[in-house]
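Reminder, nothing fancy here: chain letters follow the sequence lines and each chain counts from 1. The figures here come from the full heavy-atom set of this structure, side chains too, leaving out hydrogens, waters and symmetry mates. A quick note: this is a predicted structure, and the numbers were derived from the prediction, not measured.
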Protein chains: 2
Amino acid sequence: MNNYPQASRILVAIDCIIFGFDGKDIKLLLIKRNFEPEKGKWSLMGGFLNAEEDLADGAVRILYNLTGLKDIYVEQLETFGKADRDPGERTVSVVFFALIKIDDHDSEAVKSHNAAWITLDARPKLIFDHEQMVGRAIEHLKYNAALHPIGFELLPERFTIPQLQKLYEAIYNIPIDRRNFSRKLLSTGLLIDTGQKNNNSATKKATLYKLDAERYKTKFHSFWNFMPDSMKSQ
Amino acid sequence: MNNYPQASRILVAIDCIIFGFDGKDIKLLLIKRNFEPEKGKWSLMGGFLNAEEDLADGAVRILYNLTGLKDIYVEQLETFGKADRDPGERTVSVVFFALIKIDDHDSEAVKSHNAAWITLDARPKLIFDHEQMVGRAIEHLKYNAALHPIGFELLPERFTIPQLQKLYEAIYNIPIDRRNFSRKLLSTGLLIDTGQKNNNSATKKATLYKLDAERYKTKFHSFWNFMPDSMKSQ
DNA sequence: CCAAAAGTGTTATTTTTACACCCATGA
DNA sequence: TCATGGGTGTAAAAATAACACTTTTGG
């Protein structure tokens with residue numbers, strides 16, 4: 001069957017930008033390639049879309065290979081399609097944006113792929129246009145974390161308000177007022193007090209909350225402001 | 001040169017969702033296909049990405065073919081990649097979102113493509129997954145018109161505040177308070193009073209404004225609220 | 001002179017910001 | 001007992017929402 005004889009068939013790649021948070025910094029999961037092409041250089045985790053595979057399934061497959069996780073927060077970000085973006089062969093790359101709970105990943109799988117968690121500041125040069133992809137993903141993270149409750153995807157199942165605050169401070173690289181932040185968060189009605197306290201702290205133990213899964217679903221598309229207004233123009 | 005021998009080459013399509021505004025309704029530019037496949041049915045305007053063409057250039061080419069316009073507001077929206085989305089052959093489609101000033105388009109070109117401006121309510125069933133694409137684009141329009149000053153792209157070079165209000169009322173399908181809307185708009189500093197008045201009106205003539213191009217560029221990424229807060233949860 | 005649409009001002013309410021003190025904990 | 005981080009309240013400022021009258025125009 002060939003209804004479109006004159007059109008070009010092109011490689012379709014999938015590249016994944018994977019963010020994590022270690023309690024202090026936002027990190028990217030990058031791989032040091034032990035395969036060709038560009039062996040020895042750093043890149044995003046990727047692969048090709050299979051002939052009979054749904055695009056979204058391809059992203060899940062690639063994320064699973066690297067992290068051992070199946071229920072990851074994934075969004076399609078943007079498709080990169082400059083004619084010369086891959087010098088080997090014309091390739092269009094669909095970039096996916098993933099947020100994971102950093103403690104959940106399978107460190108064996110990560111190790112076997114020669115991958116590492118790297119802070120944004122310390123990231124090496126990446127191959128092809130992967131640098132631009134990361135730039136776009138950081139932009140997306142900043143933009144969307146202010147409007148939707150996606151920050152939770154980077155934290156453990158149970159988390160404290162101070163943890164969440166540190167996350168937002170890392171994303172926007174600004175200090176946030178503790179009192180206002182806490183009030184704003186609690187007023188969303190998204191947080192359920194688990195009654196437990198955090199043991200990690202050497203001082204007063206913070207309350208552990210979990211997400212109200214129902215409300216999270218229904219409120220996800222609301223427009224919010226986790227970010228101070230002074231950041232809105234950036 | 002074939003560095004990736006085992007990967008599949010796939011057709012890459014480009015489909016364009018083109019919005020216009022006639023002063024009363026938001027409209028879509030759709031084509032009634034006078035070519036195979038699916039001849040006689042309605043679809044989005046589209047085409048295939050050429051072997052040596054940048055993706056963004058492909059979108060511009062396709063938009064130009066249909067509208068005769070080159071400086072159109074275009075954003076990449078989303079890539080649709082279900083394995084079975086095109087029954088003819090595996091095709092991944094990159095969907096673009098375009099806003100045009102409806103009076104500017106080349107009606108000859110539109111006619112020769114068998115295309116028509118159709119209101120959202122009156123739109124026919126579309127082929128393949130084009131229906132979903134349109135749904136996604138409407139969502140995107142609603143979301144983004146509230147946060148960025150993209151509404152202007154649907155209006156003539158010179159426009160009045162009441163025109164802009166009607167546009168927003170059409171997008172969100174709600175009545176907006178004239179006084180609050182006008183104040184909010186003018187406070188952005190984006191509008192320049194041209195000193196002219198609108199002749200179309202049968203009653204009091206409204207002031208014609210134009211965009212402050214400089215400010216438009218610098219303020220584009222600001223987060224705004226052209227939408228009343230009561231809509232935020234939708 | 002009247003119907004229809006444009007323009008504009010004030011007040012109440014809500015949201016956001018700025019800011020300081022007390023509490024719990026383990027070393 | 002003290003240093004560290006967690007928890008909370010209040011008042012000022014800013015933004016938003018609600019609301020009504022006057023002006024211009026063409027028929």
Side-chain angles (χ1 to χ4, degrees), chain A residues 23-24 146-147 155-156 158-170 172 174-209 219 222-234, chain B residues 23-24 146-147 155-156 158-170 172 174-209 219 222-234:
Chain A
K24 190 158 156 290
L147 299 172
L155 294 177
R158 283 153 193 250
F159 53 87
T160 68
I161 290 182
Q163 276 180 313
L164 198 51
Q165 181 176 341
K166 284 192 195 81
L167 170 60
Y168 276 90
E169 290 176 331
Y172 298 105
I174 47 159
I176 298 174
D177 184 272
R178 218 150 32 90
R179 295 155 287 196
N180 294 336
F181 184 79
S182 160
R183 180 167 346 105
K184 199 176 262 187
L185 246 314
L186 291 170
S187 76
T188 64
L190 273 182
L191 271 47
I192 297 175
D193 187 335
T194 64
Q196 298 176 292
K197 299 281 172 179
N198 190 0
N199 282 325
N200 299 352
S201 175
T203 62
K204 182 169 180 179
K205 285 154 174 36
T207 306
L208 282 163
Y209 291 89
K219 286 201 137 191
S222 306
F223 301 169
W224 290 3
N225 262 327
F226 282 137
M227 208 165 59
D229 281 2
S230 60
M231 290 291 299
K232 284 192 188 178
S233 53
Q234 300 199 10
Chain B
K24 191 158 156 289
L147 299 172
L155 294 177
R158 284 153 193 252
F159 54 87
T160 68
I161 291 182
Q163 276 181 312
L164 198 51
Q165 181 176 340
K166 283 191 195 83
L167 170 60
Y168 277 90
E169 290 177 329
Y172 298 105
I174 48 159
I176 299 175
D177 184 272
R178 218 148 31 88
R179 295 154 287 194
N180 294 337
F181 184 78
S182 161
R183 180 168 346 104
K184 198 175 263 187
L185 246 313
L186 290 171
S187 76
T188 63
L190 274 183
L191 271 47
I192 297 175
D193 186 334
T194 64
Q196 299 177 292
K197 298 282 173 178
N198 190 1
N199 282 323
N200 298 351
S201 172
T203 62
K204 183 170 180 177
K205 285 155 172 37
T207 306
L208 282 163
Y209 291 89
K219 286 203 137 192
S222 306
F223 301 168
W224 290 2
N225 260 329
F226 283 137
M227 207 164 62
D229 280 4
S230 60
M231 290 291 297
K232 285 193 188 180
S233 54
Q234 300 199 10

Note to self: Can a donor-acceptor pair be found, under 3.5 Å and without considering hydrogens, that links the side chain of B:Gln165 to the backbone of B:Ser182?
What the structure shows: no
Check: Under 3.5 Å, is there a donor-acceptor pair between the side chain of B:Asp177 and the main chain of B:Asn180?
Finding: yes
Notebook entry, point to check: Just how far, in rounded Å, is P of D:dT16 from CH2 of B:Trp224?
Noted result: 12 Å
Check: Closest approach of A:Leu208 and A:Lys197, non-hydrogen atoms and distance?
Finding: CD1-O, 3.5 Å
Notebook entry, point to check: Backbone N or O of B:Leu186 within a donor-acceptor pair of the B:Tyr209 side chain at under 3.5 Å?
Noted result: no
Item checked: Whichever of B:Lys197 and A:Arg178 has its nearest DNA chain C nucleotide further upstream toward 5' -> B:Lys197
Next item on the list: Kindly indicate whether the side chain of A:Arg183 and the base of D:dT10 share any N or O donor-acceptor pair separated by less than 3.5 Å?
Entry: yes
Notebook entry, point to check: When you measure from the side chain of A:Lys166, which nucleotide among D:dG6, D:dG9, D:dC19 comes out closest?
Noted result: D:dG6
Notebook entry, point to check: Between C:dA18, C:dT8, D:dT23, which one does the side chain of A:Asn180 approach most closely?
Noted result: C:dA18
Note to self: Can you tell me which nucleotide in D:dT16, C:dG7, D:dG6 comes closest to the side chain of A:Pro162?
What the structure shows: D:dG6
Next item on the list: Quick one: label B:Thr207 by what it contacts on the DNA or RNA (base, sugar-phosphate, nothing), any heavy atom closer than 4.0 Å.
Entry: sugar-phosphate
Check: Quick one: which of C:dT17, C:dA5, C:dG7 gets closest to the side chain of B:Thr203?
Finding: C:dA5
Notebook entry, point to check: Between C:dG26 and A:Lys205, is there an OP1 or OP2 to side-chain N/O distance shorter than 4.0 Å?
Noted result: yes
